[in-house]
There are 2 protein chains.
Amino acid sequence: MGDTPGNTGMGSGGEPTLEEQIAAYQREFQDLDPQVEKIVSALSRLNRRMNVAYGRQTSALGISNAEWEVLKALVLSGAPYRLGPSDLAKRLGLTPAAMTHRIDRMVTEGLVTRERDESNRVRVIVELTGEGREKWLEAMRLASVFEEDLLQDLSPDERTALGEVLTRLLRRVEDAQPDAGGRLSDLD
Amino acid sequence: MGDTPGNTGMGSGGEPTLEEQIAAYQREFQDLDPQVEKIVSALSRLNRRMNVAYGRQTSALGISNAEWEVLKALVLSGAPYRLGPSDLAKRLGLTPAAMTHRIDRMVTEGLVTRERDESNRVRVIVELTGEGREKWLEAMRLASVFEEDLLQDLSPDERTALGEVLTRLLRRVEDAQPDAGGRLSDLD
DNA sequence: ACTTCGAACTTTATCTTTGAAGTCTTCGGT
DNA sequence: ACCGAAGACTTCAAAGATAAAGTTCGAAGT
């Protein structure tokens, strides 16, 4: 059957390619630099694909992507692998309530422990277990293979340049959004 | 360095900087190219920040980020701005059930209409309303300003190079994940 | 024409996250 | 010492997403 009127060449089957999407932006919104849109669209798609890939890997290890994020934050915090719920929440961009529930699950799965801080009894300490650390290591091994494979086609110079440019962009957004863990309440 | 044992220099206050995070990866997982990790971490952070920014803009217009995604898909589909729920779901990486509910809300808000396809009565057609198109345009105006500002520091050559490299990376993931709208059921 | 298969969407139950209120501890002023 | 305010976490109700089963219609084989 011919195309549904109004389509740029795809059946109504699936996601348009990046090129088709850029063309569509030009068609629907002329005040837009195609170069800019190409970068932004590619960034966003790339991220989605990467998250799907991470999701496959973590679920193969019996944990969820959400749990992996918590393990990551704890490991990266260093040595005794302990953080408070509110700190974790800030790092992951979640509300404190969500953090409470997520920790609940992870405690029952044996990935972390939760205890009250004896010196400061309002505070709670979440600590990585050996099993949790082991899971993170396994996930990291998979992730590093995937990441290396992703960048395989880039020369060392290209990698350096890409890292530098992305860092520059990141700095720019972070300066514009001082805190912004994910809440946007401070919107004046 | 006389820091709290286990911390790389931050109090337990907030999110570590990108540089601190790279250093932590080196400390905790040596089999990792810091260059690779820098790129991947910056990509992921950049995306989170951008989504926060988009969220502020869309909520200022009285719609959610989720609704904006639907409007975007419809507009980009071209001319009569019609798509079926399952096609929309594929493009947004959602399950069909989520799509049904999201369309429900958007219909009551007047952003889209839902009707049965008369020639194919199993099918449903979701069509953008004038108001929906108007909302998308307003959001686009805000977004394009933000995006242009984000890339302000990049020279034309750098923009070209960045677009090219990201496209190359995207192609690589997409080749590795043929379909993958977001479901990972076909994992055999 | 009848039946069966399959596709497109919806419904139901469950899980996760959010926002708002609630509890408990600490700190600072009187 | 006492009292009130602020902070850290939890609980509760409600929104949004997923998974699995259910419905309905069209198409293909007999």
**Study point:** side chain to side chain donor-acceptor pair (under 3.5 Å) partners of E131(A), counting only residues at least two apart
**Key:** none
Exercise for review: Name the nucleic acid region contacted by S86(A), choosing base, sugar-phosphate or nothing; use a 4.0 angstrom heavy-atom cut-off, strictly under.
Suggested key: sugar-phosphate
**Study point:** Those residues that, when tested against E19(A), pass salt bridge (charged side-chain N to carboxylate O under 4.0 Å, His left out) (two or more places apart)
**Key:** none
Review point. Which pairs count as side chain to side chain donor-acceptor pair (under 3.5 Å) when at least one residue sits in residues 99-111 of chain B, sequence neighbours excluded?
Key: D104(B)-R114(B)
Practice item. Would you please name every residue forming a side chain to side chain contact (heavy atoms under 4.5 Å, CB included) with I125(B), sequence neighbours left out? Key: R82(B), E115(B), D117(B)
Check your understanding: Taking DNA chain D as the partner, which of residues 117-128 of chain A come within under 4.0 angstrom of it by heavy atom?
Key -> V122(A), R123(A), V124(A)
Review point. Taking atom P of dC9(D) as reference, at what distance in whole Å does atom NZ of K90(A) sit?
Key: 9 Å
Point to revise | Listed nucleotide nearest any side-chain atom of H101(B), set dC9(D), dT18(D), dT16(C) | key: dT18(D)
Exercise for review: Indicate yes or no: does E15(A) engage R48(A) in a salt bridge with an N to O separation below 4.0 Å.
Suggested key: yes
Check your understanding: Once you round it to whole Å, what is the distance between P of dG16(D) and CG of L94(B)?
Key -> 13 Å
**Study point:** Nucleotide dC9(D), atom P - distance to CD of E115(A) in whole Å
**Key:** 13 Å
**Study point:** Nucleotide dG16(D), atom P - distance to CE of M99(B) in whole Å
**Key:** 13 Å
Check your understanding: Just to confirm, is there a sub-4.0 Å distance from OP1 or OP2 of dA17(D) to any side-chain nitrogen or oxygen of T95(B)?
Key -> no
Review point. For K38(A), what residues pass the side chain to side chain contact (heavy atoms under 4.5 Å, CB included) criterion, not counting sequence neighbours?
Key: I22(A), T167(B)
Review point. When the distance from CE of M106(A) to C1' of dC15(C) is rounded to whole Å, what number comes out?
Key: 16 Å
Check your understanding: Reckon R114(B) has a side-chain N or O less than 4.0 Å from the OP1 or OP2 of dT10(C)?
Key -> yes
Review point. Rounded to whole angstrom units, what separation is found between the CG atom of L92(B) and the C1' atom of dG16(D)?
Key: 14 Å
Point to revise | OG1-CG distance between T113(B) and L128(B), expressed to the nearest 0.5 angstrom | key: 8.5 Å
Point to revise | Euclidean distance, atom CZ of residue R105(A) to atom C1' of dT14(C) [Å, nearest integer] | key: 12 Å
Point to revise | Partners passing side chain to side chain donor-acceptor pair (under 3.5 Å) against Q57(A) (at least two apart in sequence or in another chain) | key: none
Study note, to complete from the structure: note: R116(A), atom CZ; dT23(C), atom P; distance rounded to Å ~ 15 Å
Exercise for review: Answer yes or no: does a side-chain N or O of R102(B) lie under 4.0 Å from OP1 or OP2 of dG16(D)?
Suggested key: no
Practice item. Taking only heavy atoms on the protein side, list every residue of residues 63-74 of chain A lying under 4.0 Å from any atom of DNA chain D, sorted numerically. Key: none
Using distance only, find each side-chain donor-acceptor pair of residues 139-152 of chain A under 3.5 Å and give its atom names and separation, not counting sequence neighbours.
from, atom 1, to, atom 2, distance (Å)
S144(A), OG, M140(A), O, 3.2
S144(A), OG, R141(A), O, 3.0
E147(A), OE2, Y54(A), OH, 2.7
E148(A), OE2, R159(A), NH1, 3.3
E148(A), OE2, R159(A), NH2, 3.2
D149(A), OD1, R172(B), NH2, 3.2
Q152(A), OE1, R172(B), NH2, 2.4

Revision key, fill the gap. Taking dC12(D), dA8(C), dT10(D) as options, the one with an atom nearest any side-chain atom of P85(A) is dT10(D)
